[in-house]
Amino acid sequence: TVKSRGPRWLLILSVTAFCEAVGYAFRTVCIYWTTLGTFTAMSLFLLLPPNALALTNYKTLGEVVRSAHKKSPHHHHGFNSSSSVVAEPPRSIFLRPRFITWFFFTSDVFSFLLQGAGVGISTQEDKRTLAKQTILTGLAVQLVFFAAFLCIATYVFFDRRFTVARGPKDVDSRGAKRRLFRVIISTTLLLYLRSMYRVAEFVGGYGSKVYGTEWLFYLFDTVMVMVSFVLYMQSFIGHHFQTHDGSDPKDDGAHVPMNRLVL
């Protein structure tokens, strides 16, 4: 992220990767020396950090929608809107950049806090049921908003009024949009599958077959997160947005200003 001089909000990916590494370090420690502290730390660092990947997708979609609103006729006060070749984007509240960023950001933080609180409560043996219910509530909230986000992202992808600036590997803006949304939609689906696995894991409880089967964890958690990172690295999101040094990406005659990246 830093090497490619992308927007600062993409540092979320680096921080998430670091936290995941810490989580697996605690998991390794637990193989040889399991205490309440090491187990709780492992649970926190493996359950919560991947939620931050969703924040990257929310912010990315918000910026795509923001750029379309900036290029709409309403933002060209000195020209006749009828002569503009830029179609006006939908004015629905669900397609406003602030709504997309903050609505989904708030939902993710709320889910994050519920799951974190559940892990914390689980350290008290007499409150394990409450902890389970709290974590499941957080995961359920996450699944609902993942589905809502996928619906909006799919709509924006198929709507030609929303364009994406070209990256170094893109021939035109259409190719750039396909590349960007392939990452957004694919990683969200992977996170959705991971959350479904986590729901099954906590519904069954600590003694269940799902919780005790190691390969299920590596398949539906480790692999899901790892493939997400591979997609982020292969198609770097930062190529389509203004970098933190103020430079702009390529664009096919449709400049995408990103002077105000408000998270």
Side-chain angles (χ1 to χ4, degrees), residues 8-27 30 36-62 94 97-153 184 187-206 210-211 217 220-222 224-225 228-229 261-263:
R8 293 188 186 278
W9 44 271
L10 287 178
L11 288 172
I12 293 173
L13 299 177
S14 300
V15 174
T16 302
F18 174 77
C19 291
E20 279 283 291
V22 172
Y24 282 100
F26 275 113
R27 189 175 179 86
C30 285
L36 180 61
T38 55
F39 181 81
T40 302
M42 178 194 72
S43 300
L44 281 171
F45 279 99
L46 291 182
L47 177 65
L48 301 182
N51 298 341
L53 297 181
L55 295 179
T56 302
N57 292 343
Y58 300 158
K59 179 63 176 173
T60 301
L61 184 62
F94 299 108
R98 282 190 177 274
F99 174 84
I100 292 174
T101 301
W102 283 106
F103 180 71
F104 289 107
F105 175 84
T106 302
S107 71
D108 207 53
V109 170
F110 181 57
S111 171
F112 183 95
L113 292 175
L114 283 173
Q115 293 175 57
V119 173
I121 296 172
S122 68
T123 60
Q124 305 175 49
E125 191 171 353
D126 59 332
K127 295 184 178 179
R128 292 284 173 82
T129 301
L130 176 61
K132 173 182 172 180
Q133 293 172 344
T134 305
I135 293 173
L136 285 173
T137 301
L139 289 169
V141 169
Q142 193 172 59
L143 286 171
V144 169
F145 284 97
F146 276 172
F149 176 77
L150 282 170
C151 290
I152 295 177
I184 293 175
T187 53
T188 303
L189 286 172
L190 289 170
L191 292 174
Y192 195 95
L193 288 174
R194 173 188 174 271
S195 293
M196 289 181 66
Y197 160 72
R198 285 295 192 171
V199 168
E201 181 184 42
F202 284 103
V203 165
Y206 293 107
V210 173
Y211 190 92
F217 168 78
F220 290 106
D221 194 298
T222 305
M224 298 296 106
V225 176
S228 295
F229 275 111
L261 293 176
V262 183
L263 182 57

By side-chain contact (heavy atoms from CB on, under 4.5 Å) - contacts of [X] (at least two apart):
X    : answer
F217 : Y24, R27, L46, Y197, R198, D221, T222
T123 : L36, T40
C19  : V15, F45, P49
V109 : F105, L113

In chain order, what residues pass the side-chain hydrogen bond (donor to acceptor under 3.5 Å, both in side chains) check against [X], with sequence neighbours excluded?
X    : value
S228 : none
T38  : T35
S43  : none

If I take atom OG1 from residue T137 and atom CD from residue Q115, how far apart are they, to the nearest 0.5 angstrom?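 Reported value, rounded in 0.5 Å steps: 10.0 Å.
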Item to complete: With rounding to the nearest 0.5 Å, note down the distance linking CZ in F39 to CG in L44.
Response: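 Rounded to the nearest 0.5 Å, the CZ-CG separation comes to 10.5 Å.
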How close do [X] and [Y] get, counting heavy atoms only, and between which atoms?
X    : Y    : value
S111 : L139 : OG-N, 4.5 Å
I152 : L61  : CG2-CD2, 4.0 Å
V225 : E20  : CG1-OE1, 3.7 Å
L136 : V199 : CD2-O, 3.7 Å

What side-chain donor-acceptor pairs closer than 3.5 Å can you find for residues 126-135, not counting sequence neighbours?
unit_1, atom_1, unit_2, atom_2, d
R128, NE, S122, O, 2.6
K132, NZ, V203, O, 2.9
T134, OG1, L130, O, 2.8

Tell me every residue that passes ring-ring contact (aromatic ring centres under 6.0 Å, His included) with F104, counting only those two or more places apart in sequence or in another chain.
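For F104, the residues satisfying ring-ring contact (aromatic ring centres under 6.0 Å, His included) (neighbours in sequence not counted) are Y58, F149.
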For F18, the ring-ring contact (aromatic ring centres under 6.0 Å, His included) test, sequence neighbours excluded, returns none
Determine whether a donor-acceptor pair (N or O, by modelled atom type, separation under 3.5 Å) exists between the side chain of T60 and the backbone of T56.
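Answer holds: yes.
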N/O donor to acceptor pairs below 3.5 angstrom from side-chain atoms of residues 141-148, sequence neighbours left out:
unit_1, atom_1, unit_2, atom_2, d
Q142, OE1, S195, OG, 2.8
Q142, NE2, N51, OD1, 2.6

Considering only heavy atoms from C-beta outward, does the side chain of T187 approach that of L53 to under 4.5 Å? no
So, do T16 and F229 sit near enough that their side-chain heavy atoms are less than 4.5 Å apart? yes
